[in-house]
There are 4 protein chains.
Amino acid sequence: KNKLTLLAGPCVIESEELVMEVAGKIKEICDRLNINYVFKSSFDKANRSSIYSYRGPGIEKGLQILQKVKDTYNIPVVTDIHEVWHAEKAAEVVDILQIPAFLCRQTDLLIAAAKTGKAVNIKKGQFLAPWDMKNVVKKFEECGNENIMLCERGSSFGYNTLVVDMRSLLEMREFGYPVVFDATHSVQKPGGKGDTTGGDRQYVSPLMRAALAIGVDAIFAEVHPDPDNAKSDGPNMLKLDELEEILKIAIEINNVVKK
Amino acid sequence: KNKLTLLAGPCVIESEELVMEVAGKIKEICDRLNINYVFKSSFDKANRSSIYSYRGPGIEKGLQILQKVKDTYNIPVVTDIHEVWHAEKAAEVVDILQIPAFLCRQTDLLIAAAKTGKAVNIKKGQFLAPWDMKNVVKKFEECGNENIMLCERGSSFGYNTLVVDMRSLLEMREFGYPVVFDATHSVQKPGGKGDTTGGDRQYVSPLMRAALAIGVDAIFAEVHPDPDNAKSDGPNMLKLDELEEILKIAIEINNVVKK
Amino acid sequence: KNKLTLLAGPCVIESEELVMEVAGKIKEICDRLNINYVFKSSFDKANRSSIYSYRGPGIEKGLQILQKVKDTYNIPVVTDIHEVWHAEKAAEVVDILQIPAFLCRQTDLLIAAAKTGKAVNIKKGQFLAPWDMKNVVKKFEECGNENIMLCERGSSFGYNTLVVDMRSLLEMREFGYPVVFDATHSVQKPGGKGDTTGGDRQYVSPLMRAALAIGVDAIFAEVHPDPDNAKSDGPNMLKLDELEEILKIAIEINNVVKK
Amino acid sequence: KNKLTLLAGPCVIESEELVMEVAGKIKEICDRLNINYVFKSSFDKANRSSIYSYRGPGIEKGLQILQKVKDTYNIPVVTDIHEVWHAEKAAEVVDILQIPAFLCRQTDLLIAAAKTGKAVNIKKGQFLAPWDMKNVVKKFEECGNENIMLCERGSSFGYNTLVVDMRSLLEMREFGYPVVFDATHSVQKPGGKGDTTGGDRQYVSPLMRAALAIGVDAIFAEVHPDPDNAKSDGPNMLKLDELEEILKIAIEINNVVKK
């Protein structure tokens, strides 16, 4: 039961080829390392900094590709939703719905997600204290869905900077649900590149180790074969071919803490 | 042209009676003080801290009441929208659409608002630097809508606290659009009361004066005859019967700065 | 009694000539505008970012120059102290001792300043909440010195950034002492230029107006005939030949608020 | 060479008995766990929140007690200094001088510490970015003392709150010196109890594990047999009889990361 769970994949569904490649390779790595793997990718990046940036294939095409990931690799998938009507539709395919950080206070979106009965990964807003998530949790409990995970992805720290308060993982676990550490969005520099979000990929692995040392139930990480040419979140995504080495040490820390 | 504009009214449309009372009284005050008055109230509080809190009458009933305000007092009205489909519907009645701070990065909502051709008051997210609003502005400009206002309502400052960086009003004015200071949400203490948002009404008037001394085009303020018994945002709303005194000094500062 | 007080002068005593020029010119301006003028300059910059930066003439020479300012212009002077033994020595010349922000918790320095019986301007640390100043105040009161002023100069806001929470001026006034707004250090960007502190001079005047609109007893501002070539704090000091225009509007706002 | 170093002891030298007890017990623990142990305690708490709080035995008596620790247990000791003249005097006894966070920009204190030739543990100010420590480092290098350690103890995060940005440990290591994580001051709530500093002892062990997972050279922790009755920093000090269990897991994480 102390097995680590990893939610990972490219930020956005750039193409079926990319998705299948990344899903397949991470699955192999997770099998070797005895990690539960959940594939993650977005069908739409609904809150890009710039209107000129790539958004994704949309919900129809995106869900088809996610279905193919499930069929091909027999792994669960998670994707984020942005509008009330997405919830039911996405729930037909995905195993875990995800609530974006900016939207974690939008009551109707939470209710729609909750009512699908699916597991839901809720990202804590950059503007919320960890104890504020109590009210978010209650919105799910009132809908009868207690199959939720609470995810830390950094807090606003002055302008164009996020900081991870590692205590938040323990604060949020007090609510009785699994906690997830989002290791790649936590190193974003929002607005840091003017019209796109910057980031510091070099800190993903250290922060992941720190969160595992604190004790988390799952790690979230965006991974791409060629982040510098990715269509979204390049500066903070992990390189696919560096993932296994990073996870090896992560597993060891997880084992020390959970034994 | 240096006439001050005030966007004000009760946080949420609690009832037609309340709305009509507040709109009428503030209109009288603004007429006496030579202020442009825009009535503001919300048909739905879509991101309440708690699922148990009052949300409002909904879009249908809410817009009917806003229409009555227009018909009765011959003043423009502003209301906030939360979903793409709200934009067109609300635009049939209101003169100014408002984008909530948490949603200021949701591209589709911005586009939908822009495409109505209506004026739009865009609240800067608590998680954004003022210069990050450049990208938000571009989303509107790309849609051909340059009838926008940029509104400061405080930035995240540690947990459960907002701080107003008064420089942001000048930073945002660099984009060439009017800037609005939201004097009541700026004194919120998000999550400060556990399951509701707290606030410090005593600082509304001083911060309003400060923003006018910096130089803004409009003031936004929520006002209620009995804030302590209001259904939303009570701790930070102004008392209706204190508004005139507060505005009198505000006007004087506005006149000093804009002469 | 609503007359505004201005504490102003070059950041550091670069030379007797500079000091005499600035003191004389600001005195003329303040006489014209009916402002109480207190000359400010430092004999030692004891906490420069870089060890290579200019520190000042030292306490002996510095106090001689400050004495000459008093003798020549018949105005009070304020200077900051950094070590316990400075207090008594500086008190022989200056009218107001100043406690630097970084040192506002150093009990012995506060006691030494208090025991001189001189007025003391205490800068609130960038790391303190306004209500934390209660304990600083008590250190003075316990020493029998209630001739103090509390000064806001910005709070840490993420990295390399300060933000002014204008509410702090009112919070601190609750302790019953005059409050001062430091308009030039508040626009510093600590560490912002790598090995020196940066700043944004353009915001000095707007923030000064805002603080006066809130209602303060005094304004602190560093002023230099040629800030870009000053030996300390150049990026945030005001230009001497722009001071009068800035003060003219400041006075008007002060008059609106204090009438 | 991957052996962990621990700087630990009671916050302040409350009495010789307390110091000898704590030093002896922690030494035994560190011997069992193969940790380099450096005893830490302060002879004077020079920046207490309140003037009414206990400050310590003073430098004379304090150094005598630290000498006894060295003589009795044959371990190095570290203590913090607050004034220039402390440096040379303390250096006669202690092995490591420590610069308090609030004082890390006071050039003369740094120079005085550097010139003793002793090792110096420099706490990063709560108001500094990790990269700002470059200038602090240069002050030591210019004095020819490269025997320094850089210590993270939390950054200002809004009012009355500190947050640890774990990335700072890696940022500071870029300067080429050992980095220390101060696990107990990092959980302080400055001013959190009105007239004393609060804290959250429960987070000391998790944050210590996190820092070791990031990779640090030494851990700093204040330890007391009965923190709730300690004369300083009680809320954040570790309990002496819980230390061994905490260090056991810390060592394991250290071994995973440094192997």
Side-chain angles (χ1 to χ4, degrees), chain C residues 44-53 55 82-85 100-111 114 125-143 154-163 165 167-168 171 189-197, chain D residues 44-53 55 82-85 100-111 114 125-143 154-163 165 167-168 171 189-197:
Chain C
D44 184 21
K45 306 310 296 177
N47 58 25
R48 293 299 301 252
S49 296
S50 168
I51 194 170
Y52 309 116
S53 297
R55 288 194 42 175
H82 318 281
E83 310 230 10
V84 168
W85 64 272
F102 289 160
L103 302 182
C104 73
R105 284 272 300 267
Q106 303 302 314
T107 307
D108 289 342
L109 185 68
L110 304 191
I111 291 175
Q126 300 87 335
F127 43 83
L128 284 188
W131 42 85
D132 296 339
M133 288 296 279
K134 182 191 66 178
N135 295 307
V136 174
V137 166
K138 276 199 187 149
K139 289 179 183 177
F140 280 85
E141 291 174 341
E142 280 294 313
C143 295
S155 296
S156 291
F157 183 61
Y159 293 137
N160 303 309
T161 311
L162 295 175
V163 69
D165 181 356
R167 297 169 299 191
S168 73
E171 285 276 351
K189 290 185 188 293
K193 298 181 73 177
D195 57 0
T196 61
T197 290
Chain D
D44 184 22
K45 305 312 296 178
N47 59 24
R48 293 300 300 253
S49 297
S50 169
I51 195 171
Y52 310 116
S53 297
R55 289 196 39 175
H82 319 281
E83 310 231 11
V84 167
W85 64 273
F102 289 159
L103 303 180
C104 74
R105 285 273 299 266
Q106 303 303 314
T107 308
D108 290 340
L109 184 68
L110 304 191
I111 291 175
Q126 298 88 334
F127 44 83
L128 284 187
W131 42 85
D132 295 340
M133 288 295 280
K134 182 191 67 177
N135 295 309
V136 174
V137 165
K138 276 198 187 150
K139 289 180 184 177
F140 281 86
E141 290 173 343
E142 280 295 313
C143 295
S155 295
S156 291
F157 182 62
Y159 292 138
N160 303 308
T161 311
L162 296 175
V163 68
D165 181 356
R167 296 170 299 192
S168 73
E171 285 276 350
K189 290 185 188 295
K193 298 180 74 177
D195 57 0
T196 61
T197 291

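Just so we're clear, the structure is a prediction, and the values are computed from it rather than from any experiment. Letters go in sequence order (proteins before strands), and every chain restarts at 1.
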- [ ] Could you check if a side-chain atom of D:Glu83 sits within less than 4.5 angstrom of a side-chain atom of C:Asp108, using non-hydrogen atoms only?
- [x] yes
- [ ] Could you tell me which of D:Pro130, D:Cys104, D:Gly158 has the largest number of non-hydrogen atom pairs under 4.5 Å with chain C?
- [x] D:Pro130
- [ ] Under 4.5 Å heavy-atom distance to chain C, tell me which part of D:Glu142 shows up: side chain, backbone, both or neither.
- [x] side chain
Open item on the list: Heavy-atom pairs under 4.5 Å with chain C: which of D:Ile111, D:Asp44, D:Leu103 has the most?
Closed with: D:Leu103
Task: Criterion side-chain contact (heavy atoms from CB on, under 4.5 Å) on C:Glu141 and D:Ile51, from CA distance to verdict - done: CA-CA 10 Å; C:Glu141 291 174 341; D:Ile51 195 171; over 6 Å; no
Task: C:Leu128 portion near chain D, given a 4.5 angstrom heavy-atom threshold - done: backbone
TODO: Indicate the atoms forming the closest heavy-atom contact of D:Gly194 with C:Asn135, along with that distance.
DONE: O-ND2, 3.0 Å
Open item on the list: Quick check: closest heavy atoms across D:Lys139 and C:Ser49, and the distance to 0.1 Å?
Closed with: CE-O, 3.4 Å
- [ ] Looking only at non-hydrogen atoms, find the nearest pair between C:Asp165 and D:Tyr159 and report the distance.
- [x] OD2-OH, 2.7 Å
Task: Exercise: identify the closest heavy-atom pair between D:Thr107 and C:Asn47 - done: OG1-CA, 4.2 Å
- [ ] Rounded to the nearest 0.5 Å, what's the gap from CZ on D:Arg105 to CZ on C:Phe102? Could you check?
- [x] 4.5 Å
Open item on the list: With chain D as the partner, which of C:Leu109, C:Val136, C:Val84 has the greatest number of non-hydrogen pairs under 4.5 Å?
Closed with: C:Val84
Task: Side chain / backbone / both / neither for D:Phe157 at chain C, heavy atoms under 4.5 Å - done: neither
Task: Rounded distance (nearest 0.5 Å) linking atom CG of D:Asp195 with atom NZ of C:Lys138 - done: 6.0 Å
